[in-house]
Structure formats: C-alpha cells, structure tokens
Amino acid sequence: MILVTGATGNVGRGVVELLLAQGVKVRAVTRDPASGRIPEGAEVVTGDLLTDPAGLGDALHGVDAVFLNAAAFLHGTDGGAPAAAFLELARKRGVPRVVLLTSGTVQGGVPADQQSNVIGRMHRVVEEAVETSGLGWTLLRPGEFMANSLDWAPQIRATDVVRAPYGDARWAPVHERDIADVAVHVLTTDGHFGTTYELTGPETITYHERARLIGEVVGRPVRLEEITPDLARSAMVMGGVPAPVADTLLALNATGLERADEISPTVRKLTGRPGRTFAQWARENRAAFESRPPRPQDEDRTR
Ligand SMILES: NC(=O)c1ccc[n+]([C@@H]2O[C@H](COP(=O)([O-])OP(=O)(O)OC[C@H]3O[C@@H](n4cnc5c(N)ncnc54)[C@H](OP(=O)(O)O)[C@@H]3O)[C@@H](O)[C@H]2O)c1
C-alpha cells in the first residue's frame with residue numbers, strides 16, 4: 001500500500017494512475033474528496049497535512065511508502081513543523097520510506113535559513129524534515145513543469161497571444177508525467193535512499209518557441225508578446241501570488257536569458273527512455289488551448 005499526497009495535483013494524479021496500473025494498492029489524500037479528481041481505483045482519504053497532520057495517523061497503517069508533495073506545506077512561513085509532525089507519525093506506524101516532491105529552486109547543500117530565495121527556503125524546510133525523519137528518504141527536485149503553460153490557456157483561447165516577460169529565456173521544462181514515472185520507480189524499487197534527483201525535460205526551449213508550438217497544435221498562429229517584468233509582477237500579485245514569491249519567480253525566469261538550463265539525466269536513467277518533449281505535451285493538452293465555441297449571446301449579435 002502506498003500513500004499518495006497531492007493526489008489531485010499535476011504529478012500526484014499520474015503517480016496514482018501509474019501505481020494502480022502496476023497493481024499496487026493506493027491510498028490517496030485530498031482535502032476535498034467531493035472534487036472527484038482522484039483516479040478511480042484508489043482508496044480516498046480526507047485530510048489536511050498543513051492544519052491537521054495528526055488527522056492522517058490512521059491512514060498510515062499498513063503503508064509501505066509515502067509520496068509526499070511539498071505543496072501542502074508551502075502556505076505558511078514554516079511548513080517544516082507540520083511536515084515533521086506527519087513524518088513522526090509515519091515513523092511510529094513503521095512506514096519505511098518517503099519520496100518527497102520538492103523543487104529545483106533549492107540550492108543543494110545549503111541549509112534552509114541560508115537559501116538565497118524564498119521558494120528554495122520554503123521547500124528546503126520540508127526537505128530537512130524529511131531528511132531527519134528516520135524514514136528512508138529520496139528527494140525529487142524538478143525544474144519548471146510543462147503544466148505551467150496551462151496558465152496561458154485563457155489568453156490563447158481568447159486572443160492567440162500570450163503576454164509574458166522574458167520570451168527568449170531558455171529552460172528545460174519537465175513533463176509532469178515524467179516526474180510521476182520517476183516517482184513510481186523510486187517508490188517501488190530499492191537503491192534510492194539518501195539520494196536527491198534533479199529532474200528536467202530532454203531539451204531547452206524558449207517561451208516564444210512554446211507559444212509557437214502550441215499554435216502548431218491548435219492549427220492557428222499563436223505568439224508571445226513580451227510585457228515588462230513589472231507588469232507581469234503586478235498581474236501575479238493581483239492574482240494572489242505573494243510579492244516575494246513573484247519577485248523570486250521573475251528573477252529565476254530572467255536567468256534563463258543568460259544561461260540555458262542544464263539537462264538532467266534522471267528521467268532517462270531511471271525510466272530507460274528520454275523525457276517527453278514540449279511538443280508532445282502540447283499535443284496531449286490541445287483541448288485546453290482550442291477556441292471556445294461561440295456563446296449564445298455572440299450568435300444573437302450576428303443575427
Ligand atoms: N510548477 C512548477 O513549475 C514546479 C517546479 C518545481 C517544483 N514544483 C513543486 O511541485 C509542487 C506542486 O506539485 P503539483 O503541481 O503536482 O501540485 P498541484 O497541481 O499544484 O496541486 C497541489 C496538490 O497539493 C495538495 N495540497 C495542497 N495543500 C494541501 C494540504 N494542506 N493538505 C493536503 N494536501 C494539500 C492538493 O490536494 P487537494 O487540493 O486535493 O487537497 C493538490 O493535490 C509544489 O511543491 C511546487 O513548488 C513545481
């Protein structure tokens with residue numbers, strides 16, 4: 001039995017589906033079981049890791065491994081405390097291993113309180129809780145997810161134009177299903193304790209190129225129109241992103257202008273095949289970018 005947290009998320013849904021396909025029993029955690037976002041076949045557990053980690057105590061009975069998504073612990077200033085409380089319960093229940101989905105923004109070998117940016121710090125406190133938990137642990141540190149481009153979908157559906165800064169920044173985004181493949185490998189095979197895996201996609205690509213590839217998939221020209229970082233920051237903050245997080249994300253994005261992301265060998269090494277490309281991701285997600293059918297009021301106006 002594997003307990004999967006973040007089971008409704010970009011990565012966790014894939015982890016659940018892949019484990020079930022291998023015949024592994026899955027217990028999937030969500031705060032909102034009514035959302036229906038947990039793949040069929042998993043045992044659904046309702047719980048909140050941040051506000052009530054102890055409430056998940058019963059769900060840890062008979063569990064062989066935990067897939068822990070750090071996302072649950074990023075809301076407050078110190079996610080390390082609830083993470084440690086949850087992991088202590090896991091240790092007491094005899095759970096032997098935990099695989100943490102954390103972030104490539106963490107600077108390796110640097111303690112949480114010395115991380116140079118707030119996103120790295122928030123993830124590193126959770127990593128430190130995992131490393132001191134007494135469980136056999138593995139860290140997965142992915143770079144930017146391809147799924148982030150879904151944020152462009154409303155703009156593309158409405159105007160075929162993406163407004164974003166740093167169009168020429170070059171990164172190697174990783175397909176969320178490749179992260180799930182790696183996670184399942186690490187959850188179900190031995191030899192990964194005490195290991196930190198960095199994950200990227202198989203190629204570097206600019207934001208301009210991503211917009212163009214989405215256009216090819218939907219069959220009409222899509223382009224990225226550069227906006228200033230200040231404008232992007234205002235939009236992020238108005239959308240609810242805390243200002244220090246917005247500043248960090250923009251500063252990180254900008255570094256892709258000067259030096260391209262390094263390609264990590266993890267996906268190929270652990271899955272035996274190259275990572276999925278952005279073009280493949282765009283084809284799989286075409287429906288999100290296709291134009292909406294005309295609304296009834298639009299049709300009325302043409303009469
Ligand atoms: N996006 C990127 O480019 C990127 C890059 C590197 C690392 N990461 C890291 O990857 C993680 C996000 O992974 P994702 O995209 O798969 O997730 P996601 O789609 O953002 O979904 C978040 C998941 O976390 C769960 N969750 C949130 N708060 C929770 C709480 N208090 N208790 C229990 N569960 C909670 C949600 O479950 P319910 O809503 O069902 O409760 C949901 O399944 C973050 O740590 C992020 O920093 C992201």
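Computation of the quantities below employed the complete heavy-atom set of this structure, encompassing side-chain atoms and omitting hydrogens, waters and symmetry-equivalent molecules. When a ligand or atom number is given, it counts from 1 through the structure's own listing order.
Salt-bridge formation is detected for the pair Arg141/Glu127: a Lys NZ or Arg NE/NH1/NH2 atom is positioned less than 4.0 Å from an Asp or Glu carboxylate oxygen. Between Arg97 and Asp190 there is a salt bridge, since at least one side-chain N of the basic residue sits less than 4.0 Å from a carboxylate O of the acidic one.
Counted by atom type alone, Trp281 and Glu176 present one or more donor-acceptor pairs between their side chains at under 3.5 Å.
A search for side-chain hydrogen bond (donor to acceptor under 3.5 Å, both in side chains) contacts involving Glu225 returns Arg223, not counting sequence neighbours. With sequence neighbours excluded, no residue forms a side-chain hydrogen bond (donor to acceptor under 3.5 Å, both in side chains) with Thr248.
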Using distance only, find each side-chain donor-acceptor pair of residues 60-67 under 3.5 Å and give its atom names and separation, not counting sequence neighbours.
from: Asp64; atom 1: OD2; to: Met1; atom 2: N; distance (Å): 2.7

Every pair of nitrogen or oxygen atoms between ligand 1 and the protein that is under 3.5 angstrom apart - can you list them with their distances to 0.1 Å?
from: ligand 1; atom 1: 1 (N); to: Asn148; atom 2: OD1; distance (Å): 2.9
from: ligand 1; atom 1: 3 (O); to: Phe145; atom 2: N; distance (Å): 2.9
from: ligand 1; atom 1: 3 (O); to: Asn148; atom 2: OD1; distance (Å): 3.4
from: ligand 1; atom 1: 3 (O); to: Asn148; atom 2: ND2; distance (Å): 2.8
from: ligand 1; atom 1: 13 (O); to: Asn69; atom 2: ND2; distance (Å): 3.2
from: ligand 1; atom 1: 15 (O); to: Asn10; atom 2: ND2; distance (Å): 2.8
from: ligand 1; atom 1: 16 (O); to: Asn10; atom 2: N; distance (Å): 3.2
from: ligand 1; atom 1: 16 (O); to: Val11; atom 2: N; distance (Å): 2.9
from: ligand 1; atom 1: 19 (O); to: Asn10; atom 2: N; distance (Å): 3.0
from: ligand 1; atom 1: 19 (O); to: Asn10; atom 2: ND2; distance (Å): 3.2
from: ligand 1; atom 1: 28 (N); to: Arg31; atom 2: NH1; distance (Å): 3.4
from: ligand 1; atom 1: 28 (N); to: His75; atom 2: NE2; distance (Å): 3.4
from: ligand 1; atom 1: 31 (N); to: Asp48; atom 2: OD1; distance (Å): 2.8
from: ligand 1; atom 1: 32 (N); to: Leu49; atom 2: N; distance (Å): 2.9
from: ligand 1; atom 1: 37 (O); to: Thr8; atom 2: OG1; distance (Å): 3.3
from: ligand 1; atom 1: 39 (O); to: Arg31; atom 2: NH2; distance (Å): 2.8
from: ligand 1; atom 1: 40 (O); to: Thr8; atom 2: OG1; distance (Å): 2.7
from: ligand 1; atom 1: 40 (O); to: Thr30; atom 2: OG1; distance (Å): 2.5
from: ligand 1; atom 1: 41 (O); to: Arg31; atom 2: N; distance (Å): 2.8
from: ligand 1; atom 1: 41 (O); to: Arg31; atom 2: NE; distance (Å): 2.7
from: ligand 1; atom 1: 43 (O); to: Gly6; atom 2: O; distance (Å): 3.3
from: ligand 1; atom 1: 43 (O); to: Thr8; atom 2: N; distance (Å): 3.3
from: ligand 1; atom 1: 43 (O); to: Thr8; atom 2: OG1; distance (Å): 2.7
from: ligand 1; atom 1: 43 (O); to: Gly9; atom 2: N; distance (Å): 3.1
from: ligand 1; atom 1: 45 (O); to: Ala71; atom 2: N; distance (Å): 3.3
from: ligand 1; atom 1: 45 (O); to: His123; atom 2: NE2; distance (Å): 3.2
from: ligand 1; atom 1: 47 (O); to: His123; atom 2: NE2; distance (Å): 2.7

